[in-house]
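Since the structure is predicted, the reported quantities are computational estimates derived from the model, not experimental observations.
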Amino acid sequence: MVTTSARERIESALRAQICPVCVEVLPDGSCGLPPQYPCALFRHLDRVIEVVATTRSDSMDLYVDRLREVVCAHCRLDEVSGDCRRPDDRVCPLDSYLPLVVEIIESERARG
């Protein structure tokens with residue numbers, strides 16, 4: 001379990017390093033995601049932290065597999081097909097930035 005202060009540091013670091021380069025960022029720096037499709041990274045941050053904290057691998061494949069089991073299963077999945085219901089024109093930051101997400105979470109967790 002991660003402490004509140006560590007979670008806050010993780011969220012702050014993620015916002016500082018990922019949001020400015022996200023494909024959904026608007027020219028003014030704000031998030032361009034519509035309210036009906038909030039950012040999966042921050043909506044499921046506790047689960048994402050759990051995945052990173054309980055996974056150790058030199059390959060992102062294991063992180064991706066665990067992410068699908070722990071996070072995507074609680075996201076906007078279609079209950080019949082099991083597919084993500086995110087519109088095709090929306091990019092999931094967990095897919096796009098996972099290596100950086102893992103690096104940031106591991107770094108901040110190591111700080112305590």
Side-chain angles (χ1 to χ4, degrees):
M1 178 136 204
V2 68
T3 65
T4 302
S5 62
R7 188 200 185 284
E8 290 170 354
R9 283 195 326 271
I10 289 168
E11 182 171 352
S12 178
L14 290 168
R15 288 189 185 279
Q17 294 182 51
I18 292 177
C19 293
V21 298
C22 180
V23 297
E24 298 291 351
V25 71
L26 297 176
D28 68 359
S30 65
C31 184
L33 287 171
Q36 68 269 29
Y37 298 108
C39 181
L41 173 59
F42 297 107
R43 188 164 35 102
H44 298 293
L45 184 56
D46 291 326
R47 286 187 175 115
V48 174
I49 292 170
E50 174 190 336
V51 165
V52 174
T54 59
T55 306
R56 292 287 169 256
S57 178
D58 291 334
S59 168
M60 280 292 120
D61 292 341
L62 186 55
Y63 289 95
V64 170
D65 291 345
R66 291 286 298 138
L67 192 74
R68 298 290 180 253
E69 292 171 18
V70 176
V71 178
C72 297
H74 297 281
C75 200
R76 296 182 187 266
L77 290 177
D78 182 280
E79 292 182 19
V80 176
S81 69
D83 294 329
C84 183
R85 290 176 40 197
R86 186 180 61 246
D88 290 338
D89 65 335
R90 296 289 174 204
V91 176
C92 181
L94 295 172
D95 289 334
S96 300
Y97 308 108
L98 186 60
L100 182 55
V101 169
V102 170
E103 179 183 324
I104 290 168
I105 292 172
E106 287 180 344
S107 174
E108 290 300 325
R109 286 189 73 245
R111 287 182 52 197

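Under the 4.0 Å criterion applied to side-chain N and carboxylate O atoms, R47 and E69 are not assigned as salt-bridge partners.
To the nearest 0.5 Å, atoms CG (L41) and CG (D95) are separated by 11.5 Å. Here CG of L45 is found 6.0 Å from CD1 of I105. Values are rounded to the nearest 0.5 Å. Note that CG of L14 is 7.5 Å distant from CD1 of I49, once rounded to the nearest 0.5 Å. For the atom pair OH of Y97 and CD of Q17, the computed distance is 13.0 Å after rounding to the nearest 0.5 Å. We find the CE-CZ distance between M60 and R66 to be 14.0 Å, quoted to the nearest 0.5 Å.
A continuous path of ILVMFWY side-chain contacts below 4.5 Å connects V23 to L98, so both sit in one hydrophobic cluster.
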Begin from the C-alpha positions of R56 and L62 and carry the test side chain to side chain contact (heavy atoms under 4.5 Å, CB included) through to its verdict.
CA-CA 8 Å; R56 292 287 169 256; L62 186 55; over 6 Å; no
Side chain to side chain contact (heavy atoms under 4.5 Å, CB included) for C31 and F42? Distances and angles first, verdict last.
CA-CA 12 Å; C31 184; F42 297 107; over 6 Å; no
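Of the possible polar contacts, one joining the T54 side chain to the E50 backbone as a donor-acceptor pair under 3.5 Å is found.
For the pair E8 and E108, the minimum side-chain heavy-atom distance is 4.5 Å or more.
L94 and A40 get closest at one heavy-atom pair: CD1-CB, 4.1 Å. P38 and P35 get closest at one heavy-atom pair: CD-O, 3.3 Å. In terms of heavy-atom proximity, Y63 sits nearest to T55 at OH-O, 3.2 Å. Nearest heavy atom pair, residue I104 against residue A13, reads CG2-CB, 3.6 Å.
For the pairing with V101, the side-chain contact (heavy atoms from CB on, under 4.5 Å) check across L67, V51, V48 returns one residue only, V48.
When the shell of 6.0 Å around CG of D28 is examined, it contains more than 12 heavy atoms from other residues, nucleotides or ligands.
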